[in-house]
Amino acid sequence: MAKETPASSSMPSGLKAYTVPIFLFVLAMFFQLFLLPRSFPPSHYDVLGVKMYSSVDDVKDAYQTVASKWDSGSGVSLPADFVKIQYAYELLTNLVWKRDYDLYAIDESVHIIEELEKQYAVEDFAKIKLPLLEVVSYEPEREGFMSITSQDFASKFQDSKPWLIQVYSSGSNSSAQFATAWRRIVALLDGVANHAMLELGDVQLVTYLAEKKPTGQVFFRKGLPSIFSFPPNCKTADCLIRFEGELSADAITDWFATTVLGLPRVFYHTKETLVSKFLSKVPPNKVKVILFSQTGERATPIVRQAAKDYWNFASLSHVLWREEDASFWWNALEVESAPAIVIMKDPGSKPVVYHGSGNRTWFLDILEQNKQLLLPQLRSTTSMELGCDARGYSRAGYDKVTWYCAILVGRQSVELNKMRETMCRVQDALSKYDDSDDASKDPSITPAASAHKSKRLSFAWLDGEAQNKYCFFYVQSETSYDTCGTRRAPIDVPRILIVRYHRNATETANAEQKSSKWPKTVWQSEADDVDPAAQLVVSYDGTAEIPQIIKWLSKMVDDGDNRNLPFYRAKTPELVPESAEPMRSGVPKTVKATQKLLSLWNRIKDYLADPRMGPTLLLGALLSAGNVWWMRSRSSTQQPAQTNQPSPNQPADNVEEKKKKERKREQRRRNAKEEEVPASITDNEPKDAVQILSSVRSMKGFQRL
């Protein structure tokens, strides 16, 4: 067998050491020879044989030269060449198109070249219809669209409203065709966001707002028109958000409402899913709003903004109107046709229906008028507004010293819903009571009706399970667990309470003076920290008949107004802030991840089109190769001469074995030296050691004795 020489054995190791430089060199050549030419095809100036950014006159002269050759028959007369030259001439002699092409590389009609090349592949170019390009003059100011320039850019960003801006060109056919969709977008965003249009001629502002390649060149990734937005309170280009989807009114408004504004979605439901997926899942303290649509279009930004603004009061849903379901909706909700708005409030109450379509103000007025339940829920956020808080005042005004609150207390159950319906009817009966006619006056109803109309008597219901401390404070009986706290047995007993609040100006002033004169100490009782209004609570123990409840309420109000009742104040437990329904808004996580990957891929493509990448990779290959050569030469010069160098004919396996044996011997020598090291004064005391000094002292003491 032929023996392997040292030169041949070192070849694989050398190639392995230079792997990185070789890889970078191959990558640089691939980039320069294949990727870069595809990213920089011949320009329209190259087609005409003139320099880049030549003037219009130079372009016309070059075209005349080519045309004269064709007329004389001396030039090449292929249809494909004629199409390219004619297209370049028409593009570069139009001032607007030439500006867009020179500054932003915009060439939105380039597909015409390929189409005409296929159409006239074998025919004479004389049959081609001229001109190839249709001149467009788009002026959005005539259509009433707002424009923005570099002069008024800063002045228009004074409020915190978001902005939606379209970048267009006055000579762009795509921008002109997008005008209808933009008009629809402006109408949908009315009152929700500001809007404006920016023309490419404003180079200063366009350069500031547009995307930039790694080389610093301004470009528009999706062409024209380009859509981007400034979120609320954003006033610089660092925080703007670009739209990269389909150029349609629906896609842009949905992106703006979801990504920019973070508004919740309003979903569609059918007659089969309306109850199970919407009505049954709405919290009991919220109004249910059903919007019937005839077109099935996505919820507008106005509707989604209203869903966010009224999130604590109402839940919204869409229903697509179908003629085959007309009878069902009439029997269920009394809806005759679409569009329509249905307001569903308390259990058992009749839905409120509004037919027809109106503007934004009409829609918001309906929500504002119907945002409260007929019998509102007593919560930490509504107690003061309802006048059911001993720390507050009556709804009738701060000057009222006595007022009342009728509270229905109970756990969420069918029984509670029935009593809520009953209390709504009680409230409605008192509202409709007419005390102007002396003949029809009923002394058993008048006190409660008068107090309710003057806003001294409020009605509310309380969740006895969520507000268990508050509930036990008022319901103090042996059967209070049937009403308050966690359900321990399949028994739910709703109770009606009336709370009389009374403010005594003298008592309150004396208490405030005492507290200001004598500051609290650590020994002071917590009993002094009480609510400013005195409370007296009475529980109703009669039947659930509406007349009986009204008479009982009237008697309580009459006694509270006319009898001298004791002024007793206490500290009412705080109402627990109930967890609000989570608002599902913004972009889903999966969509965000997809957008980040797409953004990363676009960034990589931008770098692949950078002409500096090839030289950079080549420079990296050279530096890496030089570093490898220097490290290898340095290691060879610093290596000490070995006496036991193997002969060229000695096998490499024997050399490796000898080296291993030498390393083992060296290791054994080190271990032996470590074991023979004598113990020092810092080591542990040996077992057979004797304290000489202590032994001598003991002997001397023995001799003295």
Side-chain angles (χ1 to χ4, degrees), residues 283-287 310-314 345-347 349 367-410 412 416 419-431 447-471 473-475 483-484 494-503 531-540 549-550 553 556-557 560-561 570-578 580:
N285 63 296
K286 298 177 69 174
V287 174
Y310 289 88
W311 186 262
N312 294 327
F313 301 97
K345 297 186 176 182
D346 301 75
S349 62
L367 291 182
E368 183 65 26
Q369 295 171 7
N370 297 276
K371 68 177 184 179
Q372 295 287 2
L373 297 172
L374 298 177
L375 185 67
Q377 184 182 9
L378 183 58
R379 300 162 59 94
S380 59
T381 56
T382 61
S383 60
M384 290 289 186
E385 180 182 356
L386 295 174
C388 298
D389 197 320
R391 297 167 300 175
Y393 294 87
S394 170
R395 290 193 305 155
Y398 292 162
D399 58 332
K400 302 298 180 183
V401 297
T402 304
W403 70 97
Y404 306 88
C405 185
I407 307 174
L408 173 64
V409 185
Q412 295 289 340
L416 179 64
M419 286 303 300
R420 285 177 61 185
E421 182 179 353
T422 301
M423 293 301 291
C424 288
R425 295 180 179 177
V426 169
Q427 203 175 191
D428 184 62
L430 292 177
S431 301
S450 300
H452 180 58
K453 290 182 178 180
S454 62
K455 297 183 179 181
R456 288 196 310 118
L457 174 61
S458 302
F459 289 84
W461 71 275
L462 179 76
D463 189 341
E465 183 175 3
Q467 307 290 347
N468 53 69
K469 291 184 179 180
Y470 197 89
C471 182
F473 178 78
Y474 286 119
V475 183
T483 305
C484 308
R495 299 174 185 269
I496 302 175
L497 310 174
I498 185 169
V499 183
R500 174 185 179 268
Y501 300 97
H502 181 72
R503 280 181 176 268
D531 297 327
Q535 301 179 73
L536 288 178
V537 183
V538 182
S539 177
Y540 176 70
I549 297 175
I550 293 177
L553 290 174
M556 295 299 103
V557 172
D561 289 343
K571 179 63 177 177
T572 309
E574 297 285 342
L575 286 166
V576 179
E578 299 182 16

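Counting begins at 1 with the first residue of the sequence. Side chains are part of it too, since the values below use all heavy atoms of this structure and drop only hydrogens, waters and symmetry mates. Here the structure is a predicted model, which is why all the values come from computation and not from measurement.
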Tell me, please, which residues at least two apart from R456 pass salt bridge (charged side-chain N to carboxylate O under 4.0 Å, His left out). D561
Shortest non-hydrogen separation from C471 to V409 and the atoms involved: SG-CG1, 3.2 Å
Counterpart residues, side chain to side chain contact (heavy atoms under 4.5 Å, CB included), relative to Q535 (two or more places apart): A390, Y474, V499, Y501, D531, T572
Check the pair M419 / I496 against side-chain contact (heavy atoms from CB on, under 4.5 Å), numbers first and verdict last. CA-CA 9 Å; M419 286 303 300; I496 302 175; 3.6 Å; yes
Quick check: closest heavy atoms across A451 and S454, and the distance to 0.1 Å? O-OG, 3.2 Å
Roughly how far apart are I550 CD1 and R425 CZ, rounded to 0.5 Å? 12.0 Å
How long is the straight-line distance from CD of Q467 back to SG of C484, given to the nearest 0.5 Å? 11.0 Å
List the residues meeting salt bridge (charged side-chain N to carboxylate O under 4.0 Å, His left out) with K371, not counting sequence neighbours, and say none if there are none. E368
Does S380 have any side chain to side chain contact (heavy atoms under 4.5 Å, CB included) partners at least two apart in sequence or in another chain, and if so, which? L575, P577
Tell me if the NZ atom of K469 is crowded by more than 12 foreign heavy atoms within 6.0 Å. no
Partner set under side chain to side chain contact (heavy atoms under 4.5 Å, CB included) for A448, not counting sequence neighbours: L430, L457, L553, S554
Which atom names give the shortest non-hydrogen contact between W403 and A533, and what distance separates them? CH2-CB, 4.2 Å
Ignoring hydrogens, what is the shortest heavy-atom contact between Y470 and C388? Give both atom names and the distance. OH-O, 3.7 Å
Under the side chain to side chain contact (heavy atoms under 4.5 Å, CB included) test, residues paired with D346 that sit two or more places apart: S349, L373, L374, L375, R420, C424
Partner set under side chain to side chain donor-acceptor pair (under 3.5 Å) for Q412, not counting sequence neighbours: none
Applying side-chain hydrogen bond (donor to acceptor under 3.5 Å, both in side chains), which residue pairs with at least one partner in residues 382-395 are found, sequence neighbours left out? S383-D389, D389-R391, R391-E574, R395-S458
Could you list the residues that satisfy ring-ring contact (aromatic ring centres under 6.0 Å, His included) with F459, not counting sequence neighbours? H452
In this structure, CG of N370 is separated from NZ of K345 (nearest 0.5 Å) by 4.0 Å
Distance-minimising heavy-atom pair for A460 and L378: CB-CB, 4.2 Å
Straight-line distance of L408 CG to M423 CE, nearest 0.5 Å: 6.0 Å
Spacing of CD belonging to Q427 relative to OG1 belonging to T422, to within rounding of 0.5 Å: 12.5 Å
Mind checking what makes ring-ring contact (aromatic ring centres under 6.0 Å, His included) contact with Y540, not counting sequence neighbours? W552
Kindly indicate whether a cation-pi arrangement holds for K286 with W311, taking the cut-offs as under 6.0 Å to the six-membered ring centre and within 45° of the axis. yes
